[in-house]
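All remarks here apply to the structure that follows.
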Number of protein chains: 2
Amino acid sequence: MHRQPMYRVINEDLAAQIQGGVFSSGDQLPNEHDLAKQYGVSRMTVRQALNLLEEDGLVARRHGIGTFVSEKSRRGRRLNRLRSFSEELGSAPDNITSDVVRAELVYPPKDVAEALELASDDSVSRLTRVRRVNKEPAALQDAWIPYSVAPGIVREPLIDNSLYRTLAERHGVALRWADQSMTASLLGKEEARSLGIEPGGAVLHGLRTTYSTENRPVEYTRGWTLPEFPLLLRIEAE
Amino acid sequence: MHRQPMYRVINEDLAAQIQGGVFSSGDQLPNEHDLAKQYGVSRMTVRQALNLLEEDGLVARRHGIGTFVSEKSRRGRRLNRLRSFSEELGSAPDNITSDVVRAELVYPPKDVAEALELASDDSVSRLTRVRRVNKEPAALQDAWIPYSVAPGIVREPLIDNSLYRTLAERHGVALRWADQSMTASLLGKEEARSLGIEPGGAVLHGLRTTYSTENRPVEYTRGWTLPEFPLLLRIEAE
DNA sequence: TAGTGGTCTAGACCACGAG
DNA sequence: TCGTGGTCTAGACCACTAT
């Protein structure tokens, strides 16, 4: 019956209406009671949909007042939900390209083995990509995936340049959550060569371990992002 | 009756039990039905509490299996919820100190005026602090608060070294959410002098605009964090 | 099959903010 | 006062996973 849960359908419908200009910045949405009637669901279900919109920064709720469309967010990588690089950027995907600079089957170095809970003689797929926005290098991403999770992923091109889409659609791996750390570092020689820029500049250095719905680590990525492409985050109060 | 909503009471009780070792890493929590009976609430209310624990990375749910305590998180600043610096670090507050290096009433530069929606002749409180962990400099935070939001905040010491606690308890300002950007940069001379370290190193550079429950910007902070103190983030799937 | 979390109902009352 | 979002009930059925 519900291929997708109703709250997700409603969330996507309202998000599309906001992105499509049916509601503009500052507009008030219909109240929760009316939305429930309109979609033929209970108010609790509407609230689940609105919670997602709020976490994504698309709407802001005001107790006693109403729910309002937020100002159009600045360009940037929104990290609030687990998304592909291009979805994070929110740009037209035309401007975003991906060059695979390495795709091979190897044994994991220590940090990778630890993050992915592997032995040192377990095979791992390593996929290194340069992401560009309008042809300018934006980030280097060095992803490691246990061989058993996605056999052959290094042998075929990714679906739509998206590792996450490929894991989901070709290998049936559903992602659930990720632990990400971020710090600053100076760009090393090897990474600079891959990016085609000078080494020594400040870059955002991220480490991400992504877990499947079975809570097994399925991807570990080291990323270096140039400072022109800041990460954005919406943080809620407790 | 409910000074705090029940789901928050349950959330804090379970969090305390996990932090206090009643449940250890990998332990399974009682199922939702039993928790509901135990706390005398409905299952939906228990689920609200568990959602918060999951977003904070304290537990992981597995559909059809159960809810389990996550591995003890590494030391680091968890950015998933709007918290004070010491709460983000999660360390014993003894190790964290705060030196106020600037506290004055000024007119806002352009970026501050824009973020806080002020005119160039509106007064702003500027509060610059060096945060240290075990006496080592960890971050420089340059906070700007509209004078009208918290008059006199530069004239008195902060409550418990916490800007957020002071805003809440002394000025009645309840924070709701923040937009944060993060990028990397090289530490400038002035910031290096405040931190007492050499300039030119890579640092995490953050900009945060914090909004009150009335969705008015009440704080804009520029932050420079040394790479030894990475930010951590739990990211959920869509 | 048994037990778990995921979704959803059809209400109720409370808390907040504007007029 | 009135309309809004915030919290909560007491169930129901579905989807998933292990056995």
Side-chain angles (χ1 to χ4, degrees), chain A residues 1-12 14 27-55 58-70 172-177 211-216 236-238, chain B residues 1-12 14 27-55 58-70 172-177 211-216 236-238:
Chain A
M1 188 70 79
H2 299 299
R3 311 174 18 136
Q4 279 213 113
M6 270 309 293
Y7 74 85
R8 193 163 293 286
V9 171
I10 296 168
N11 166 42
E12 285 167 11
L14 290 173
D27 282 1
Q28 182 170 6
L29 292 187
N31 69 40
E32 298 178 351
H33 176 266
D34 288 352
L35 285 172
K37 245 191 344 196
Q38 176 183 322
Y39 286 104
V41 298
S42 75
R43 195 177 144 218
M44 287 295 270
T45 302
V46 163
R47 281 181 61 76
Q48 281 187 80
L50 291 176
N51 284 343
L52 294 181
L53 290 173
E54 187 177 31
E55 284 169 29
L58 282 176
V59 305
R61 281 162 151 154
R62 298 184 59 187
H63 193 176
I65 312 292
T67 301
F68 299 84
V69 176
S70 305
V173 176
L175 305 178
R176 173 61 179 274
W177 57 278
Y211 295 79
S212 69
T213 48
E214 294 92 18
N215 287 339
R216 278 199 296 227
E236 303 278 339
E238 304 202 71
Chain B
M1 186 72 77
H2 299 297
R3 312 174 16 138
Q4 278 214 114
M6 270 309 293
Y7 73 87
R8 192 161 294 286
V9 172
I10 296 167
N11 167 42
E12 284 166 11
L14 290 174
D27 282 1
Q28 181 170 6
L29 292 187
N31 69 40
E32 298 179 349
H33 176 265
D34 288 352
L35 286 172
K37 243 189 349 191
Q38 176 182 325
Y39 285 103
V41 299
S42 75
R43 198 179 140 215
M44 287 295 268
T45 302
V46 163
R47 282 181 60 77
Q48 281 187 79
L50 292 176
N51 285 342
L52 294 181
L53 290 173
E54 186 177 33
E55 284 169 29
L58 282 176
V59 304
R61 280 157 148 161
R62 298 183 61 186
H63 192 174
I65 312 290
T67 301
F68 299 83
V69 176
S70 305
V173 176
L175 305 178
R176 174 62 179 273
W177 57 278
Y211 295 78
S212 69
T213 49
E214 294 91 21
N215 287 339
R216 278 198 297 227
E236 303 277 339
E238 303 203 71

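All chains are named by letter (A, B, ...) in the order of the sequence lines, taking the proteins before the strands, and each is independently numbered beginning at 1.
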Can you sort out which residues in residues 33-43 of chain B have a heavy atom within less than 4.0 Å of DNA chain D? Ascending by number, please. B:G40, B:V41, B:S42, B:R43
Go through [options] for me and flag the one nearest to the [X] side chain.
| X | options | answer |
| --- | --- | --- |
| A:E214 | C:dG5, D:dT7, D:dT17 | D:dT17 |
| A:P5 | D:dC8, D:dG6, C:dC8 | C:dC8 |
| B:M44 | C:dG11, C:dC8, C:dG5 | C:dC8 |
| B:H63 | D:dG5, D:dT7, C:dG5 | C:dG5 |
| B:R61 | D:dG5, D:dT7, C:dG6 | C:dG6 |

Contacts of [X] that satisfy side-chain contact (heavy atoms from CB on, under 4.5 Å) - sequence neighbours left out:
| X | result |
| --- | --- |
| B:H33 | B:N31, B:K37 |
| A:E12 | A:Q4, A:R8 |
| A:E236 | A:E54, A:R234, B:R81, B:R176, B:W177 |
| A:L29 | A:F23, A:L50, A:V59, A:T67, A:V69 |

Starting from [atom2] on [N], measure out to [atom1] on [X] and report it in whole angstrom.
| X | N | atom1 | atom2 | answer |
| --- | --- | --- | --- | --- |
| B:R47 | D:dC13 | CZ | C1' | 14 Å |
| A:E32 | C:dA10 | CD | P | 17 Å |
| B:Q4 | D:dG6 | CD | P | 17 Å |
| A:I10 | C:dC8 | CD1 | P | 8 Å |
| A:F68 | C:dA18 | CZ | C1' | 11 Å |
| A:M6 | C:dG6 | CE | C1' | 15 Å |
| A:N215 | C:dT4 | CG | C1' | 14 Å |
| B:I65 | C:dG3 | CD1 | P | 14 Å |

If you find the nucleotide of DNA chain C closest to B:T213 and the one closest to B:N51, which residue's nucleotide is nearer the 5' end? B:N51
If you pin B:Q28 and A:G64 to their nearest nucleotides in DNA chain C, which one's is more 5'? B:Q28
Has [X] got a side-chain N or O lying under 4.0 Å from the OP1 or OP2 atom of [N]?
| X | N | result |
| --- | --- | --- |
| B:Y7 | D:dC8 | no |
| A:N31 | D:dT4 | yes |
| A:T67 | D:dG5 | yes |

Side chain to side chain contact (heavy atoms under 4.5 Å, CB included) test vs B:Y39 passes for just one of B:D34, B:L14, B:V9, namely B:L14
Gap between atom CZ of B:R43 and atom CG of B:L35 - 0.5 Å precision: 10.5 Å
Rounded distance (nearest 0.5 Å) linking atom CG of A:D27 with atom CZ of A:F68: 9.5 Å
Base, sugar-phosphate alone, or nothing: which one does A:R62 contact when heavy atoms must sit under 4.0 Å apart? sugar-phosphate
Contacts of B:R62 meeting salt bridge (charged side-chain N to carboxylate O under 4.0 Å, His left out) (sequence neighbours excluded), chain-then-number -> none
